[in-house]
Amino acid sequence: NAGVTQTPKFQVLKTGQSMTLQCAQDMNHEYMSWYRQDPGMGLRLIHYSVGAGITDQGEVPNGYNVSRSTTEDFPLRLLSAAPSQTSVYFCASSSPGTANYEQYFGPGTRLTVT
Amino acid sequence: AQTVTQSQPEMSVQEAETVTLSCTYDTSESNYYLFWYKQPPSRQMILVIRQEAYKQQNATENRFSVNFQKAAKSFSLKISDSQLGDTAMYFCAFRFFGNEKLTFGTGTRLTIIP
């Protein structure tokens, strides 16, 4: 049981490049989400999904795209990277309606845009 | 929208002492959950403790306990007998009942001094 996995762990991009951050979970969780962490700002919600085929915007969605074709995977796409997207990105998953309440986080991806 | 405020950006305490981290939040709702997450240098987000707003009893997990004051909208974390492994960033987080989206505070960097 791997939990929530993210790849890559580190990435350096040039301004204008595109890339996809991968997130997968093996717990059959319906809910998945992406957060970004910036110094002095905590974690902020980018996009989330309540199930396959359903996605919605969070607090800071601009410049990011998501899709959810399977329960297990929730990739985050940067269409044209900007220096303002330099951050640490976390994927999380949970199973709504359970007594656990816990969201499980992946190990994070540190992205630098030059 | 709800907000979560952590007014102590940094704290330090001697090993074996007790330390309290503060968190306040703002919401007009009555059903919600509160969490404390620990983020050690490894970057992994680890759930420390959670509190359901409908419960009057303060949550406790071994050396970690909370002081939940619903009327004052305060949710502080007390760490007893602090250990070197407690050195980390600590985030307070909030979510509504029936909604998986988490709102985080800006974090408190805690250093345990040997």
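First the proteins, then the strands, lettered A, B, ... as listed; each starts at 1.
- In this structure, Arg109(B) places its CZ atom where only 12 or fewer heavy-atom neighbours from other residues, nucleotides or ligands lie under 6.0 Å away.
- Once rounded to the nearest 0.5 Å, the distance linking CD of Glu102(A) with CZ of Phe35(B) reads 8.5 Å.
- Residue Arg44(A): no heavy atom, backbone or side chain, is found under 4.5 Å from chain B.
- Heavy atoms of other residues, nucleotides or ligands lying less than 6.0 angstrom from CD of Gln56(B) number 12 at most.
- The OH atom of Tyr48(A) sits 6.5 Å away from the CG atom of Asn99(B) when rounded to the nearest 0.5 Å.
- Side-chain heavy atoms closer than 4.5 Å link hydrophobic residues (I, L, V, M, F, W, Y) into clusters, and following such links, possibly through other members, connects Tyr89(A) to Val113(A).
- Summarising the geometry, atom CG belonging to Leu43(A) is positioned 11.5 Å from atom OG1 belonging to Thr106(B); distances are rounded to the nearest 0.5 Å.
- Side-chain contact check for Gln103(A) versus Leu47(B): every heavy-atom pair is 4.5 Å or farther apart.
- Of all non-hydrogen atoms in Tyr35(A) and Glu100(B), the two that sit nearest each other are OH-O, 4.5 Å.
- Grouping the Ile, Leu, Val, Met, Phe, Trp and Tyr side chains by contacts below 4.5 angstrom, directly or via other members, places Val19(B) with Tyr90(B).
- Contacts of Gln37(A) with chain B are made by side-chain atoms alone, with heavy-atom separations under 4.5 Å and no backbone atom involved.
- Residue Phe97(B) does not touch chain A at all, counting heavy-atom pairs closer than 4.5 Å.
- Taking hydrophobic clusters as Ile, Leu, Val, Met, Phe, Trp and Tyr residues chained together by side-chain heavy-atom distances below 4.5 Å, Leu76(A) does not share a cluster with Phe104(B).
- Residue contact with chain B, scored on non-hydrogen atoms closer than 4.5 Å, involves the side chain of Leu45(A) exclusively.
- Under a cut-off of 6.0 angstrom, the local environment of NZ in Lys78(B) is sparse, with at most 12 non-hydrogen atoms contributed by other residues, nucleotides or ligands.
- Cluster membership for Leu111(A) and Val60(A), using ILVMFWY side-chain heavy atoms within less than 4.5 angstrom, is shared.
- In this structure, the side chains of Gln44(B) and Phe90(A) stay at 4.5 Å or more apart for every pair of heavy atoms.
- Contacts between Leu102(B) and chain A at a heavy-atom distance below 4.5 Å involve backbone atoms as well as side-chain atoms.
- Using a 4.5 Å cut-off between heavy atoms, Val50(A) makes no contact with chain B at all.
- Linking Ile, Leu, Val, Met, Phe, Trp and Tyr residues whenever their side-chain heavy atoms come within less than 4.5 Å leaves Ile46(A) and Val4(B) in two separate clusters.
- Shown here for Arg43(B) and Phe10(A), the closest heavy-atom pair between the two residues is NH1-CE2, 3.9 Å.
- Counting heavy atoms from C-beta outward, Gln39(B) and Phe105(A) have side chains that stay 4.5 Å or more apart.
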